[in-house]
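Structure, as structure tokens:
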Amino acid sequence: MKMELNLFKDKNEVAEKFCAYLENLITVREAIYIALSGGSTPKIVFDRLAQNYSHLDWSHVHLFWGDERCVPPTHEDSNYKMTVDHLLSKIVIPKENIHRIKGEAPPAEEAETYGRLLERVLPKYNGMPQFDLVMLGMGSDGHTVSIFPNQIDLWSSEKWCEVADHPDNGQKRVTITGKVINNAREVAFLVTGSEKQEKVTEILQNKPNSKLYPAALVAPDYGRLSWFLDEAAAEGI
Ligand code: 6PG
């Protein structure tokens with residue numbers, strides 16, 4: 001695994017530099033398959049993409065999600081809705097290139113269906129679906145996508161997608177799993193804010209307990225892992 005650490009002043013600079021990284025990937029590839037992350041960090045990235053990169057040719061960009069909350073696509077918790085609000089409603093991209101996880105479907109059924117979609121649509125590498133880029137966030141508990149420390153076994157599932165439960169509110173989530181993430185050509189962590197500092201430090205310093213956190217298991221077998229961190233999240237390293 002190749003790893004790159006990119007430290008920036010604040011969230012704005014993280015967003016600015018990630019957008020430049022993404023633009024490069026989009027312009028050098030014929031077709032590009034990207035798994036987007038959810039939560040709140042991507043909002044500033046998507047706003048910047050919509051503002052400064054709407055001119056890009058998005059026609060060969062295929063968008064997926066690393067995880068989705070099991071709610072309707074119009075629900076405030078929906079990662080798809082967040083992406084529509086901040087990006088998809090502001091760029092020209094063929095609707096057939098948008099492959100959302102159907103949060104409104106029965107979770108176990110959708111995990112199977114989305115896994116089959118990845119199998120069918122994504123290029124293969126080593127017999128497994130391969131994303132060109134998996135964009136990830138990290139929770140302050142060290143979760144990534146929707147694999148939480150108390151369900152870390154989901155990471156090593158043989159399936160491409162699993163159903164997870166949010167540890168606090170029990171909300172069902174559909175999430176891609178470690179095999180798919182670590183088969184990607186590029187994985188990019190976007191982590192900002194002082195509340196993430198403790199886990200970022202433990203993971204990047206390879207502390208003994210760090211392997212209890214799903215985010216610590218992100219190690220692309222053949223690809224490159226890039227961390228995009230602001231000073232607040234990177235303070236301890
Ligand atoms: C989700 C995300 C999740 C997120 C982290 C960080 O659906 O919530 O995919 O893995 O990336 O929780 O979220 P923030 O960016 O909001 O801190």
Side-chain angles (χ1 to χ4, degrees), residues 8 10-15 18-19 22 34-49 63-73 75-87 99-104 107 110-111 114 118 131 133-152 154-155 160-178 180-182 184 187-200 202-203 213-218 225-235:
F8 302 108
D10 56 19
K11 197 175 217 182
N12 281 309
E13 196 181 4
V14 164
F18 177 76
C19 287
L22 187 62
I34 300 172
L36 300 174
S37 60
S40 59
T41 301
K43 292 176 183 174
I44 188 171
V45 175
F46 295 162
D47 287 341
R48 186 174 285 269
L49 282 174
L63 299 178
F64 302 75
W65 277 260
D67 64 328
E68 183 56 281
R69 291 81 179 279
C70 294
V71 294
H75 191 285
E76 271 318 300
D77 281 0
S78 165
N79 286 332
Y80 171 74
K81 179 182 184 305
M82 181 273 286
T83 312
V84 170
D85 292 347
H86 292 268
L87 178 63
H99 307 277
R100 72 178 182 92
I101 298 171
K102 293 183 174 56
E104 69 277 23
E110 183 58 16
Y114 207 70
L118 300 183
F131 281 109
L133 169 63
V134 174
M135 180 180 169
L136 295 176
M138 186 192 77
S140 55
D141 62 354
H143 82 260
T144 193
V145 281
S146 280
I147 300 180
F148 296 90
N150 68 325
Q151 293 184 325
I152 197 163
L154 292 177
W155 178 267
W160 310 136
C161 289
E162 285 280 7
V163 177
D165 309 281
H166 191 284
D168 300 335
N169 60 22
Q171 186 183 61
K172 293 281 181 196
R173 308 277 189 91
V174 172
T175 183
I176 63 175
T177 56
V180 179
I181 295 170
N182 282 340
V187 180
F189 258 125
L190 283 76
V191 185
T192 62
S194 56
E195 72 280 10
K196 312 288 176 80
Q197 182 260 333
E198 182 192 25
K199 294 297 185 287
V200 165
E202 287 192 64
I203 291 169
Y213 315 131
L217 304 180
V218 175
L225 171 59
S226 301
W227 286 82
F228 290 79
L229 298 166
D230 70 356
E231 284 170 2
E235 193 182 339

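Order of appearance sets the numbers: ligands from 1, and atoms from 1 within every ligand. As the structure is a prediction and not an experimental result, all values here were calculated from the model. Hydrogens, waters and symmetry mates play no part in the numbers below; they use all other heavy atoms, side chains included.
A parallel orientation is assigned to the rings of His99 and Phe64, their planes being inclined by less than 30° (bins at 30° and 60°).
Side-chain contact, Asp165 with Gln171: no donor N or O sits under 3.5 Å from an acceptor N or O. Side-chain contact, Trp65 with Ser37: no donor N or O sits under 3.5 Å from an acceptor N or O.
Within 4.0 Å of ligand 1, counting heavy atoms only, the contacting residues are Gly38, Gly39, Ser40, Thr41, Asp67, Arg69, Asn79, Gly137, Met138, Gly139, His143, Thr144, Val145, Arg173, Lys196.
Note on Glu68 versus Arg173: no salt bridge recorded, every NZ/NE/NH1/NH2 to OD/OE distance being 4.0 Å or above.
Under the rule for a ring-ring contact (aromatic ring centres under 6.0 Å, His included), the partners of Phe18 that lie at least two apart in sequence or sit in another chain are Tyr21, Phe228.
Going from atom CG of Leu87 over to atom CG of Leu36 covers 7.5 Å, rounded to the nearest 0.5 Å.
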